[in-house]
Visitor: 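My questions all concern the structure below.
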Amino acid sequence: SWNLVGRSKKMHRVFDLVAQVAASNTTVLIRGESGTGKELVAGAIHSRSKRQGRSFVKVNCAALPETIIESELFGHERGAFTGAIARRKGRFELAAGGTIFLDEIGDLSSTTQVKLLRVLQEREFERVGGMETLRTDVRVIAATNRDLEAMIATGKFREDLYYRLNVFPLHLPPLRDRRTDILLLTDVFIEKYNRVHRKSVRRASTPAIDMLMAYHWPGNVRELENCIERAVLMSTDDVLHGHLLPPTLQTAEASGTGFHGTLKEHLAEVEKSLLLDALKSTRGNM
């Protein structure tokens with residue numbers, strides 16, 4: 001998987017840390033922007049650990065509403081709440097003997113943070129609506145793209161939980177800080193999507209390479225993968241051309257659309273694109 005693709009110094013450092021920590025039961029906190037491959041690194045740690053034959057259970061803490069997350073993590077008893085028609089095991093029970101990966105840990109509510117802290121400290125929990133205390137043997141790997149230190153300062157994240165999670169911090173660099181890996185990853189993705197879409201793209205053209213190298217990749221490796229899949233899918237010969245890449249990558253030089261006009265017109269264009277960007281990020285809410 002592409003998390004282990006990289007020749008850059010920063011990625012070699014990541015590989016070294018994964019190798020160091022994998023064999024232990026140490027709690028790992030993976031930090032990094034969205035799309036850098038945190039889940040894949042968690043999988044790499046699990047697959048190199050003594051728990052490799054056991055469950056690797058993933059939980060996205062941001063994707064689940066607060067009312068459901070506790071029941072997801074710790075399970076619930078029959079009748080614990082409306083709709084709880086049967087006892088249900090939570091992810092900590094399902095991960096017994098294996099590894100649990102808690103993604104977007106910064107999005108947990110304060111009550112769930114307390115319960116998670118107890119699991120990390122005491123290795124025990126109760127199901128929602130239950131009295132029986134359950135013991136757990138699970139390795140915890142957490143990940144976040146949030147600034148947890150800033151959240152602690154504003155009281156949104158518990159400091160004691162932070163220290164329990166941050167036993168072995170592992171930082172994943174953004175793609176713009178490991179540019180030497182862009183072409184390597186591009187080749188990996190071309191090969192992957194040739195197989196998926198039954199295409200025969202052999203290489204990327206020089207203008208396409210220039211565009212890939214010049215772009216700042218805010219969505220990181222995930223964004224690069226999506227771009228390459230789209231380009232491979234649309235290609236009509238064995239070359240990945242620059243015009244197949246999305247408009248965000250099209251520079252004025254590459255597409256021959258450099259701006260010619262008055263300063264006033266230029267500023268109006270810039271202002272318009274800033275406003276459109278703002279509307280996109282607020283999903284149209286003015």
Side-chain angles (χ1 to χ4, degrees), residues 1-4 17-18 21-32 34-78 80-81 83-84 86-109 111-130 132-146 148 157-158 161-162 164-170 172 222:
S1 53
W2 61 252
N3 62 308
L4 297 179
L17 291 171
V18 166
V21 79
S24 67
N25 271 323
T26 307
T27 301
V28 180
L29 179 62
I30 305 171
R31 311 284 295 262
S34 198
T36 47
K38 296 186 288 294
E39 183 181 316
L40 291 163
V41 170
I45 292 170
H46 172 72
S47 65
R48 285 163 177 71
S49 74
K50 295 171 188 140
R51 298 169 178 265
Q52 64 184 42
R54 312 300 287 271
S55 306
F56 176 60
V57 175
K58 302 174 227 179
V59 187
N60 185 328
C61 302
L64 298 162
E66 192 183 331
T67 46
I68 294 173
I69 187 84
E70 285 186 32
S71 140
E72 276 294 324
L73 289 173
F74 310 117
H76 61 247
E77 296 292 350
R78 183 181 171 182
F81 48 82
R87 169 189 279 183
R88 181 163 182 259
K89 286 185 176 183
R91 308 283 182 97
F92 271 97
E93 271 180 273
L94 297 172
T99 306
I100 191 164
F101 174 58
L102 304 173
D103 200 3
E104 313 283 4
I105 197 84
D107 291 72
L108 284 181
S109 72
T111 49
T112 312
Q113 285 181 37
V114 175
K115 294 192 174 176
L116 179 59
L117 178 64
R118 183 180 165 215
V119 175
L120 289 166
Q121 278 176 336
E122 320 289 340
R123 297 280 160 191
E124 60 185 35
F125 62 92
E126 283 92 31
R127 295 191 194 101
V128 175
E132 182 193 354
T133 299
L134 303 166
R135 301 283 303 159
T136 176
D137 166 31
V138 172
R139 181 188 198 163
V140 176
I141 301 178
T144 186
N145 56 13
R146 300 268 202 125
L148 293 183
F157 200 82
R158 292 184 64 99
L161 176 58
Y162 170 77
R164 281 280 167 187
L165 291 169
N166 200 36
V167 182
F168 193 95
L170 205 159
L172 275 184
R222 187 184 293 132

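The residues of the chain are indexed from 1 along the displayed sequence.
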Visitor: Run the side-chain hydrogen bond (donor to acceptor under 3.5 Å, both in side chains) test against Arg91 and tell me which residues pass, sequence neighbours left out.
Guide: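 Applying side-chain hydrogen bond (donor to acceptor under 3.5 Å, both in side chains) to Arg91 gives Glu72.
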
Visitor: Atom CD1 of Ile100 and atom CZ of Arg51: how far apart are they, to the nearest 0.5 Å?
Guide: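 So the gap between those two atoms works out to 11.5 Å.
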
Visitor: Are the side chain of Arg127 and the backbone N or O of Arg78 linked by a donor-acceptor pair below 3.5 Å?
Guide: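 Flag not set: sc Arg127 to bb Arg78 has no pair under 3.5 Å.
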
Visitor: Has Glu70 got a side-chain atom pairing as donor or acceptor with Val128's backbone, closer than 3.5 angstrom?
Guide: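 Checked: no pair found.
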
Visitor: List in chain and number order the residues that pass side-chain hydrogen bond (donor to acceptor under 3.5 Å, both in side chains) with Arg87, two or more places apart in sequence or in another chain; answer none if no residue qualifies.
Guide: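 Per chain and number, Arg87 pairs via side-chain hydrogen bond (donor to acceptor under 3.5 Å, both in side chains) with Glu77.
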
Visitor: Rounded at 0.5 Å granularity, tell me how far CG in Asp107 sits from CD in Gln113.
Guide: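 Here the rounded value is 10.0 Å.
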
Visitor: For the OG atom of Ser34 and the CZ atom of Arg222, what is their distance to the nearest 0.5 Å?
Guide: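 The distance works out to 4.5 Å.
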
Visitor: Is the shortest heavy-atom distance from the side chain of Val114 to the side chain of Arg118 under 4.5 Å?
Guide: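 Counting from C-beta outward, Val114 and Arg118 never come under 4.5 Å.
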
Visitor: Which residues satisfy the side-chain contact (heavy atoms from CB on, under 4.5 Å) test with Asn166, sequence neighbours excluded?
Guide: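 In terms of side-chain contact (heavy atoms from CB on, under 4.5 Å), with neighbours along the sequence ignored, Asn166 is linked to Leu29, Tyr162, Pro169.
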
Visitor: Glu122: which residues meet the salt bridge (Lys or Arg N to Asp or Glu O under 4.0 Å) condition with it, sequence neighbours left out?
Guide: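 So Glu122 forms no salt bridge (Lys or Arg N to Asp or Glu O under 4.0 Å) with any residue.
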
Visitor: Among residues at least two apart in sequence or on other chains, which ones pass side-chain hydrogen bond (donor to acceptor under 3.5 Å, both in side chains) with Asp103?
Guide: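 Checked Asp103 against side-chain hydrogen bond (donor to acceptor under 3.5 Å, both in side chains); zero matches.
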
Visitor: Under the side-chain hydrogen bond (donor to acceptor under 3.5 Å, both in side chains) definition, can you give me all pairs with a residue in residues 40-50, not counting sequence neighbours?
Guide: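 Every side-chain hydrogen bond (donor to acceptor under 3.5 Å, both in side chains) pair that includes a residue of residues 40-50, provided the two are not neighbours, is His46-Thr99.
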
Visitor: Got Glu132 and Glu126 here, is their nearest side-chain heavy-atom distance under 4.5 Å?
Guide: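 Not in contact.
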
Visitor: For residues Phe101 and Val57, determine if any side-chain heavy atom of one lies less than 4.5 Å from a side-chain heavy atom of the other.
Guide: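 Phe101 does not reach Val57 side chain to side chain.
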
Visitor: Just verifying a value: how many Å separate Leu116 CG and Leu102 CG, rounded to the nearest 0.5 Å?
Guide: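 The CG atom of Leu116 sits 6.0 Å away from the CG atom of Leu102.
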
Visitor: Ile141 versus Thr27: any side-chain heavy-atom pair under 4.5 Å?
Guide: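 No; the side chains remain at least 4.5 Å from each other.
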
Visitor: Could you tell me which non-hydrogen atom of Leu148 sits nearest to which non-hydrogen atom of Gly106, and how far apart they are?
Guide: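 Minimum heavy-atom separation between Leu148 and Gly106: CD2-CA, 3.9 Å.
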
Visitor: My understanding is that only residues two or more places apart in sequence, or in another chain, count here; which of them pass salt bridge (Lys or Arg N to Asp or Glu O under 4.0 Å) with Arg158?
Guide: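 By the salt bridge (Lys or Arg N to Asp or Glu O under 4.0 Å) rule, Arg158 matches Asp160.
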
Visitor: Considering only heavy atoms from C-beta outward, does the side chain of Glu124 approach that of Thr136 to under 4.5 Å?
Guide: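 No. Closest side-chain heavy atoms not under 4.5 Å.
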
Visitor: Step by step, work out the side chain to side chain contact (heavy atoms under 4.5 Å, CB included) result for Lys38 and Leu172.
Guide: CA-CA 7 Å; Lys38 296 186 288 294; Leu172 275 184; 3.9 Å; yes

Visitor: Let me confirm one number: the CG-CD1 distance from Leu17 to Ile30, rounded to the nearest 0.5 Å.
Guide: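 If I round to the nearest 0.5 Å, the distance is 11.0 Å.
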
Visitor: Starting at CG of Leu165, measure out to OG1 of Thr144 and round the result to the nearest 0.5 Å.
Guide: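 Reported value, rounded in 0.5 Å steps: 10.0 Å.
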
Visitor: Please work out which of the three classes, parallel, tilted or perpendicular, describes the rings of Phe125 and Phe74, given edges at 30° and 60°.
Guide: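 Correct class here is tilted.
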
Visitor: Mind checking what makes side-chain hydrogen bond (donor to acceptor under 3.5 Å, both in side chains) contact with Ser24, not counting sequence neighbours?
Guide: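 With sequence neighbours excluded, Ser24 shows a side-chain hydrogen bond (donor to acceptor under 3.5 Å, both in side chains) to Thr26, given in chain and number order.
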
Visitor: Not counting sequence neighbours, list each pair that qualifies as a side-chain hydrogen bond (donor to acceptor under 3.5 Å, both in side chains) and has a residue in residues 52-63.
Guide: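 Matches after skipping sequence neighbours: Glu39-Lys58.
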
Visitor: On a heavy-atom basis, which atom in Ala62 and which in Glu104 lie closest, and how many Å separate them?
Guide: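 Looking at all heavy atoms of both residues, the shortest contact is CB-CB, 3.7 Å.
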
Visitor: Taking salt bridge (Lys or Arg N to Asp or Glu O under 4.0 Å) as the definition, give me every residue that meets it alongside Arg139, ordered by chain and number, with sequence neighbours left out.
Guide: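 Partners of Arg139 by the salt bridge (Lys or Arg N to Asp or Glu O under 4.0 Å) criterion come out as none, since no residue qualifies.
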
Visitor: Just jot down the ring-ring contact (aromatic ring centres under 6.0 Å, His included) partners of Phe157, sequence neighbours excluded, or say none.
Guide: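 Result, ring-ring contact (aromatic ring centres under 6.0 Å, His included) vs Phe157: none returned.
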
Visitor: Is a side-chain donor-acceptor pair under 3.5 Å present for Arg31 with Asn145?
Guide: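 Not at all, the side chains of Asn145 and Arg31 share no donor-acceptor pair under 3.5 Å.
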
